[in-house]
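Each ligand, and each atom within it, is numbered from 1 in the order the structure gives. Just so you know, these numbers come straight off a predicted model, no measurement behind them.
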Amino acid sequence: MSENLDLAAVIQKLRSARQVVALTGSGISAESGIPTFRGAEGLWRTYRAQDLATPEAFARSPKLVWEWYDWRRGLMAAKNPHAGHRVLAAWENRFSRFTLITQNIDGMHRRAGSKNILELHGNIWRMRCTQEGTVTENMDTPLSPIPPLCPDCGALMRPHVVWFGEPLDREVIHRASLLSAQCDLMLVVGTSAVVQPAASLPLSALDAGAPVVEINPEATPLTPYADFSLRGKAGDILPQIDSALFRVPRENGS
Ligand code: BV8
């Protein structure tokens, strides 16, 4: 019962919201069939993601790290955005100002049509020359050769993502922090809220007095601080909210 009351209260707050920010994590892509970072299916062969997504792992074995990214790229290329991704894309034209801040590197939000995105951790479809720093987009699945080399200088390419222990792009995290402190409502969808500095963004919204709404089938370390924690899947709850806010009831009331 309280679930419906919370949902109704969230819808009410969204009706008057002018500057909305949505922070997403790998959970929003779970219903697209992409393993979450920490879910059991998130493991690859016998490695833990946290051990491979590091500069040390890449220095030790660029081939092994690229094989992992190539496997993930192949998986992601075969999946599609779902209704939850599409609702967030549509909301860019529904609220006065709607910004999507994502921890995900899968490119699903862009494929769903989102344009106003801050990709905190980079994008798996981009790679960067380790010598020149030039960034190129590459959609090949599978990649060949592995590891890929820079077409200009022949140096090793690396995934254009932020690994554990690496700083985020200063401009990106600065804008994300600013928007989180200025918004009048923040949705936090599909994240375990443990990876920093992303996990601190909802706290910036709370400090600024904005309501924080968590959408997650499970509780997280953010749950006790969130104004609302809607227990459920992104692909169910986001379309429900969208219908209540923006769908004109049909003549026959269906
Ligand atoms: C930095 C790109 C400093 C790569 C990623 C101790 C304390 C605090 C911080 C640290 C610490 N020790 C180390 C740190 C720093 C570290 C960190 O936070 N570590 C964590 C593990 C404690 N952070 C960093 O290293 C960052 N850099 O701090 O730099 C610095 C400064 C200056 C100079 C030098 C250094 C960099 C962090 C970025 C790492 N890169 N990804 C790649 O992906 O290959 S992070 C990775 O985790 C993904 O991006 C992922 O998105 C992200 C967060 O995970 P989630 O998205 O939350 O996914 P998860 O699986 O955990 O959870 C899924 C959730 O979805 C669950 O809650 C589940 O219930 C829910 N869900 C499931 N199904 C659904 C659903 N929700 C809705 N609907 C569903 N259907």
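The closest non-hydrogen atom to atom 41 (N) of ligand 1, taken over His121, Lys233, Arg170, comes from His121. The residue from Gln196, Glu166, Arg231 that puts a heavy atom closest to atom 37 (C) of ligand 1 is Gln196. Atom 30 (C) of ligand 1 has its nearest heavy-atom neighbour, among Pro35, Pro167, Ala198, Ala219, in Pro167. Nearest-heavy-atom check against atom 47 (O) of ligand 1 across Val195, Leu238, Leu230, Ile28 picks out Val195.
Set against the non-hydrogen atoms of Gly190, the atoms of ligand 1 under 4.0 Å away are 63 (C), 64 (C), 65 (O), 76 (N), 77 (C). Residue Tyr69 approaches ligand 1 through these ligand atoms, each under 4.0 Å from one of its heavy atoms: 4 (C), 42 (C), 44 (O). Within the listing of ligand 1, atoms 42 (C), 43 (O), 44 (O) sit less than 4.0 angstrom from a heavy atom of Arg72. Proximity to Gly25 (heavy-atom distance under 4.0 Å) selects the following atoms of ligand 1: 56 (O). The atoms of ligand 1 that sit less than 4.0 Å from any heavy atom of Asn104 are 51 (O). In summary, the atoms of ligand 1 found under 4.0 Å from a heavy atom of Gly165, numbered by their order in the structure, are 24 (C), 25 (O), 34 (C), 35 (C).
In this structure, a donor-acceptor pair under 3.5 Å is absent between the side chains of Arg97 and Asn116. With no hydrogens or angles considered, no side-chain donor-acceptor pair links Ser192 and Thr220 at under 3.5 Å. Residues Thr136 and His160 bring no donor and acceptor atom of their side chains to less than 3.5 Å of each other. With no hydrogens or angles considered, no side-chain donor-acceptor pair links His85 and Ser114 at under 3.5 Å. When only modelled atom types and interatomic distance are considered, Asp106 and Trp125 share no side-chain donor-acceptor pair under 3.5 Å. Remark: the Ser229 side chain and the Arg231 side chain contain an N/O donor-acceptor pair separated by less than 3.5 Å. With no hydrogens or angles considered, a side-chain donor-acceptor pair links Glu214 and Thr223 at under 3.5 Å. For the residue pair Asn80 / Arg111, a side-chain donor-acceptor distance below 3.5 Å is found, with atom types taken as modelled. Checking Thr191 against Gln103 by side-chain atom types alone, a donor-acceptor pair falls below 3.5 Å.
Between Val188 and Ile215 the shortest side-chain heavy-atom distance does not fall below 4.5 Å.
Looking at ligand 1, you won't find any N or O of Thr220 less than 3.5 Å from one of its N or O atoms. Looking at ligand 1, you'll find an N or O of Ser26 within less than 3.5 Å of one of its N or O atoms. Checking only distances, Asn216 does come within under 3.5 Å of ligand 1, N or O to N or O.
Here Gln50 has no heavy atoms under 4.0 Å from ligand 1, in either its backbone or its side chain. The side chain of Ala30, and not its backbone, has at least one atom closer than 4.0 Å to an atom of ligand 1 (non-hydrogen atoms only; side chain from C-beta on). At a heavy-atom distance under 4.0 Å, atoms from both the backbone and the side chain of Thr191 approach ligand 1. In Glu31, the part holding a heavy atom less than 4.0 Å from any atom of ligand 1 is the side chain.
The shell of residues lying under 4.0 angstrom from ligand 1, judged by heavy atoms, includes Val162. Residue Ile105 places a heavy atom less than 4.0 Å from ligand 1.
In this structure, the side chain of Arg86 engages the main chain of Pro81 through a donor-acceptor pair within 3.5 Å.
Hydrophobic clustering (side-chain heavy atoms under 4.5 Å, transitive across Ile, Leu, Val, Met, Phe, Trp, Tyr) keeps Val212 apart from Phe228.
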